[in-house]
Amino acid sequence: MRVRSAGPGTFVGILLSVLVLPGCDPPREPEPVRFAPVSEELFADGGALTDAWADVDLDGDPDRFVGFNGAPSRLYRNDGMGDFVDIASDVGLSVERSVRTSAWGDFDADGDPDLLLGFAGAAPVTALWRNDLGSFTEISTEVGLRLDAGTTRQAAWIDVDADGDLDLFLGMRDGPNRLFVQADGGFIDRAAEVGLDDPRRTVGAVWFDDGDGWLDVIVANMNGDANGLYLGSPDGFEEAGNEVVQGGGRSVGDEAEGSVRPCSVDYDTDGDFDLFFANYGANGLLERTTDAWRNRAEELGVANPSRYDTCAWADFDHDGSTDLFVNGTVGGGTHYRDWLMRREGSETFVDVTPAEILARNASHGATWVDFDMDGDLDLALAGAAEDGTHSLLQNLLRPEFAWHSLHVRVLDEEGRSTRAGAEVRIYAAGSTDLLGTRRVDSGSGYDAQSDLPVHFGIPGGQHVDVEVVVPGGGNRSVTRVEGIDPRSLQGRALEVRASRR
């Protein structure tokens with residue numbers, strides 16, 4: 001394995017596993033789609049709105065936070081082998097509020113993930129829980145993040161000013177969006193100053209870089225409001241009047257339609273990021289070209305007009321292409337259908353939704369996560385309806401193919417998780433053949449942000465080179481790690497420590 005840095009101060013840390021499994025040929029036919037529920041009784045309650053994952057106790061596996069519509073929230077510690085224990089009461093996170101927002105991020109850069117919560121209803125409508133290795137303290141007033149009015153939606157921890165610490169973007173359902181910039185351990189709302197105080201009815205957001213080194217943001221707006229595409233520059237943010245993005249596949253001006261969740265995905269594996277919108281109305285899949293966005297949802301079979309809450313992309317079957325899960329909302333006594341769409345060929349998505357998913361009455365939150373550390377991605381679902389659940393479904397991909405994958409965790413120079421929005425690409429070892437592109441979570445799920453490694457399916461388990469790009473402040477810093485054998489990382493993540501310069 002060889003390591004190369006694109007700038008001074010960049011280095012790479014690797015977590016290696018001693019478990020090595022024998023190789024095998026990749027499957028010639030699509031793998032059967034099989035999922036099985038985990039701990040059904042534990043995850044049986046409905047009324048769940050947000051689902052967010054992070055390694056809270058730093059033991060190497062992901063733990064789960066679930067926020068409910070008034071019932072006590074849950075923090076499930078992952079004890080391995082499918083065993084979860086709700087420790088929310090023990091650590092002070094059993095909040096009996098309508099939790100509409102949950103976002104994990106290491107805002108204080110001490111190495112463990114902290115939790116931002118947003119609520120609907122009475123004051124306060126925000127809370128920040130500092131994590132001190134599994135012991136949580138609420139400090140929103142102390143650091144300037146307490147809000148006493150408004151209804152929160154998407155939160156995103158992101159280093160907007162490229163100064164090395166995390167700032168906080170907060171989408172608001174009923175007023176101008178907020179951007180809290182961190183300085184000296186405190187936060188100041190600078191949304192109006194930099195041009196991000198969008199007053200429309202925002203419920204979703206995702207941050208990305210269009211290639212110029214300045215972070216940009218898409219905000220998804222409801223009730224017929226146009227979506228917003230805000231392009232970053234040295235002078236702040238300016239909204240781009242892009243009609244395709246403004247609609248995101250649905251109509252603008254119709255109160256019954258709107259965009260709930262934007263997802264950033266390189267669905268066609270060409271190295272740049274496209275956009276998917278989960279909508280009330282037809283969904284949109286906006287392919288990025290050199291100078292425009294083109295909506296291809298209808299021709300690729302993923303428009304499926306209905307009412308949707310979230311999108312979640314992943315290569316769940318390790319065939320090398322990204323697949324789509326989108327869940328229907330619940331409203332007016334109707335549960336709108338969920339879809340698992342597998343990519344088959346260059347121009348086709350096929351409905352492969354198994355009964356195990358359809359029976360869950362999923363809505364709102366959805367997260368792909370390798371909770372059992374076997375190499376493939378499992379599916380966590382929230383269900384807001386009373387007859388819903390907050391199910392966890394184990395992916396039963398055959399073990400000989402489950403290890404055909406790579407998890408990559410992007411950290412800063414000190415080993416801290418402050419690189420939200422970083423881009424990760426993998427190539428066939430020693431070549432320029434691109435195998436996949438992912439982004440470190442910068443706004444995901446339904447009003448949630450997880451702190452998880454990015455995941456790649458690697459057909460055949462071949463050796464790969466990994467490239468990490470950290471955008472910000474007009475720069476795009478590149479770190480490369482070469483000659484990675486996925487077999488040597490079974491049950492572990494490749495950790496890449498990436499500098500901004």
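Below, each value reflects all heavy atoms present in this structure, side chains not excepted, and no hydrogens, waters or symmetry copies.
- Separating the OH atom in Tyr267 from the CG atom in Leu324 is a distance of 12.0 Å, to the nearest 0.5 Å.
- Trp368 places none of its side-chain heavy atoms less than 4.5 Å from the side chain of Asp378.
- With respect to the salt-bridge test (charged N to carboxylate O, under 4.0 angstrom), the residues Arg416 and Glu414 do not qualify.
- For the side-chain contact (heavy atoms from CB on, under 4.5 Å) test with Val260, the passing option among Tyr446, Tyr308, Phe277 is Tyr446; the others fail.
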Legend entry - Audit row: Glu413, Arg497, salt bridge (charged side-chain N to carboxylate O under 4.0 Å, His left out) steps and yes/no: CA-CA 5 Å; Glu413 300 96 320; Arg497 299 191 180 191; over 6 Å; no

Legend entry - Intermediate values then yes/no, side chain to side chain contact (heavy atoms under 4.5 Å, CB included), Val464 and Leu435: CA-CA 9 Å; Val464 296; Leu435 302 180; 3.8 Å; yes

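- Side-chain atoms of Ser444 and Asp441 include a donor-acceptor pair closer than 3.5 Å.
- Closest approach of Gly67 to Ser73, counting heavy atoms only: CA-CB, 4.4 Å.
- At a threshold of 4.0 Å, the pair Arg480-Glu467 counts as salt-bridged, since one of the basic side-chain nitrogens sits closer than that to a carboxylate oxygen.
- One finds the CZ atom of Arg425 at 5.0 Å from the OG1 atom of Thr437 (value rounded to the nearest 0.5 Å).
- Although no hydrogens or angles enter the test, the distance criterion places a donor-acceptor pair under 3.5 Å between the side chain of Asp63 and the main chain of Asn78.
- Rounding to the nearest 0.5 Å places CZ of Phe180 at 12.0 Å from CZ of Arg190.
- Checked against side-chain hydrogen bond (donor to acceptor under 3.5 Å, both in side chains), Asn177 has the following partners two or more places apart in sequence or in another chain: Thr202.
- We find that Asp189 and Arg178 are joined by a salt bridge, their nearest charged nitrogen and carboxylate oxygen being less than 4.0 Å apart.
- Under a 3.5 Å cut-off, the side chain of Thr334 and the backbone N or O of Tyr336 do not form any donor-acceptor pair.
- Panel note: side chain Asn227, backbone Ala220; no donor-acceptor pair is recorded below 3.5 Å.
- Put simply, the side chain of Ser450 gets close to the backbone of Trp53: a donor and an acceptor are under 3.5 Å apart.
- In this structure, CZ on Phe35 lies 9.0 Å from CG on Leu397, to the nearest 0.5 angstrom.
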Legend entry - Full working for side chain to side chain contact (heavy atoms under 4.5 Å, CB included) between Asp323 and Phe316: CA-CA 7 Å; Asp323 311 298; Phe316 77 91; 3.3 Å; yes

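- Taking 4.0 Å as the cut-off between side-chain N and carboxylate O, Arg438 and Asp266 do not count as a salt-bridged pair.
- Between the side chains of Ser321 and Asp319, at least one donor-acceptor pair of N or O atoms lies under 3.5 Å.
- Comment: Asp451 engages Arg409 in a salt bridge, judged by a side-chain N to carboxylate O separation of less than 4.0 angstrom.
- Using a 4.0 Å cut-off between a side-chain N of Lys or Arg and a carboxylate O of Asp or Glu, Glu31 and Arg342 do not qualify as a salt bridge.
- By the 4.5 Å heavy-atom criterion applied to side chains, Leu452 and Thr367 are counted as neighbours.
- In this structure, the side chain to side chain contact (heavy atoms under 4.5 Å, CB included) partners of Asp216, at least two apart in sequence or on a different chain, are Phe208, Asp209, Asp210, Leu231.
- Legend: residues meeting side-chain hydrogen bond (donor to acceptor under 3.5 Å, both in side chains) with Gln154, ordered by chain and number and at least two apart, are Arg261.
- Taking CH2 of Trp339 as the start and CG of Leu358 as the end, the distance is 9.0 Å to the nearest 0.5 Å.
- A side-chain donor-acceptor contact under 3.5 Å links Ser405 to the backbone of Gly375.
- In this structure the side chain of Phe325 never reaches within 4.5 angstrom of the side chain of Trp313, judged on heavy atoms.
- For the pair Asp351/Leu340, no side-chain contact is recorded, criterion being any heavy-atom separation below 4.5 Å from C-beta on.
- The side-chain heavy atoms of Phe65 and Val99, taken from C-beta on, include a pair separated by under 4.5 Å.
- Between the side chain of Thr126 and the backbone N or O of Leu145, at least one donor-acceptor pair lies under 3.5 Å.
- A donor-acceptor pair under 3.5 Å is formed between the side chain of Arg97 and the backbone N or O of Pro124.
- No donor-acceptor contact under 3.5 angstrom links the side chains of Asp315 and Thr322, judged on distance only.
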Legend entry - side chain to side chain donor-acceptor pair (under 3.5 Å) evaluation trace for Asp106 with Ser417: CA-CA 6 Å; Asp106 185 10; Ser417 180; over 6 Å; no

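- With sequence neighbours left out, the side-chain hydrogen bond (donor to acceptor under 3.5 Å, both in side chains) criterion links Asp55 to no other residue.
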Side chains of residues 161-172: which donor-acceptor pairs under 3.5 Å do they make with residues two or more places apart or in other chains?
residue : atom : partner : partner atom : Å
Asp163  : OD1  : Asp165  : N            : 3.3
Asp167  : OD1  : Gln182  : N            : 2.8
Asp167  : OD2  : Val160  : N            : 2.8

Legend entry - Pair Thr101-Phe119, side chain to side chain contact (heavy atoms under 4.5 Å, CB included): steps then yes or no: CA-CA 7 Å; Thr101 302; Phe119 313 116; over 6 Å; no

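- Ion pair Arg64/Asp51 flagged as a salt bridge, since at least one NZ, NE, NH1 or NH2 atom sits closer than 4.0 Å to an Asp/Glu carboxylate oxygen.
- When each of Asn221, Asn283, Asn279 is tested with Ser259 by the rule side chain to side chain donor-acceptor pair (under 3.5 Å), just one qualifies, namely Asn279.
- Closest non-hydrogen pair, Ser264 versus Phe273, comes out as OG-CD2, 3.3 Å.
- Side-chain atoms of Thr310 come within 3.5 Å of backbone atoms of Gly445 as a donor-acceptor pair (strictly under, hydrogens ignored).
- Side-chain contact between Leu115 and Asn131 is absent, with no heavy atoms from C-beta onward closer than 4.5 Å.
- In this structure the side chain of Val56 reaches within 4.5 angstrom of the side chain of Phe136, judged on heavy atoms.
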Inset, instruction - Could you give me the CA-CA distance, side-chain angles and deciding distance for Asp174 and Arg201, then say whether salt bridge (charged side-chain N to carboxylate O under 4.0 Å, His left out) is met? - result: CA-CA 6 Å; Asp174 58 355; Arg201 291 159 285 195; over 6 Å; no

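- With sequence neighbours excluded, no residue satisfies side-chain hydrogen bond (donor to acceptor under 3.5 Å, both in side chains) with Asp90.
- Taking the charged nitrogens against the carboxylate oxygens, Arg77 and Asp79 do have a contact shorter than 4.0 Å, which makes a salt bridge.
- No donor-acceptor pair under 3.5 Å is formed between the side chain of His390 and the backbone N or O of Ala48.
- In this structure, CG on Leu117 lies 8.5 Å from CD on Glu138, to the nearest 0.5 angstrom.
- In summary, the side chains of Thr329 and Arg307 do not present any donor paired with an acceptor at a separation below 3.5 Å, with no hydrogens or angles considered.
- Between His318 and Asp376, some side-chain heavy-atom pair lies under the 4.5 Å cut-off.
- In terms of modelled atom types and a separation under 3.5 Å, the side chain of Trp207 and the main chain of Gly443 share no donor-acceptor contact.
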